[in-house]
Amino acid sequence: MIDALKPSNQISKQSCQIAKLYPDFDDLPEEAQRVIANMMFNMGRPRLSKFKGMKRGVDARDWNAAADEMVDSRWYRQVTNRAQRLVDRMRAIT
């Protein structure tokens with residue numbers, strides 16, 4: 001298998017991309033990390049970087065505000081079922 005296609009390299013690459021958007025990623029609650037990583041994997045950094053309101057909510061540790069911003073997006077309308085699961089998980093963070 002080509003090294004670039006190995007799962008550990010993909011995870012490492014994603015982690016670097018996430019850190020560019022969320023420098024304090026390692027300090028976030030684990031569930032927030034999982035939601036953000038899921039979105040990064042599915043959308044990539046260019047699209048996730050457009051979720052500025054969500055980022056403001058995450059930075060403020062206001063999980064409901066972050067979830068509201070996730071709902072207020074074209075992404076949510078395109079993949080509503082998957083998106084709703086992630087929104088619910090974001091809202092459940094305490």
Report the residues that fulfil salt bridge (charged side-chain N to carboxylate O under 4.0 Å, His left out) with Asp24, sequence neighbours left out, ordered by chain and then residue number. Arg61

The side chain to side chain donor-acceptor pair (under 3.5 Å) partners of Asp72 (sequence neighbours excluded) come to none

Residues at least two apart in sequence or cross-chain that pass side chain to side chain donor-acceptor pair (under 3.5 Å) with Asp68, listed by chain then number, are Arg91

Scan residues 28-43 for pairs that pass salt bridge (charged side-chain N to carboxylate O under 4.0 Å, His left out), counting only residues two or more places apart or in two chains. Glu30-Arg34, Glu31-Arg89

Looking at residues at least two apart in the chain, or sitting in another chain, which of them share a salt bridge (charged side-chain N to carboxylate O under 4.0 Å, His left out) with Asp59? Lys55

Can you list the steps and then say if Met39 with Met54 is a side chain to side chain contact (heavy atoms under 4.5 Å, CB included)? CA-CA 12 Å; Met39 293 175 74; Met54 178 188 141; 3.7 Å; yes

Test ring pair (Phe, Tyr, Trp, His ring centres under 6.0 Å) applied to Phe25 - qualifying residues, sequence neighbours left out: none

Taking the side chain as every heavy atom from C-beta outward, state whether Tyr22 and Gln33 have any pair of such atoms under 4.5 Å apart. no

Listing, residues 44-51 side-chain donor-acceptor contacts under 3.5 Å, not counting sequence neighbours, or none:
from, atom 1, to, atom 2, distance (Å)
Arg45, NE, Gln17, OE1, 2.6
Ser49, OG, Arg45, O, 3.2
Ser49, OG, Pro46, O, 2.7

Can you name the residues that form a side chain to side chain donor-acceptor pair (under 3.5 Å) with Gln78, not counting sequence neighbours? none

Show the numbers, then the answer: is there a side chain to side chain contact (heavy atoms under 4.5 Å, CB included) between Leu86 and Tyr76? CA-CA 10 Å; Leu86 294 177; Tyr76 183 88; over 6 Å; no

Using the test side chain to side chain donor-acceptor pair (under 3.5 Å), find all partners of Arg56 that sit at least two apart in sequence or belong to another chain. none

Going by the rule ring pair (Phe, Tyr, Trp, His ring centres under 6.0 Å), which residues pair with Trp63 if we only count those two or more places apart in sequence or in a different chain? none

Which residues share a side chain to side chain contact (heavy atoms under 4.5 Å, CB included) with Asn42, sequence neighbours left out: Asn38, Arg82

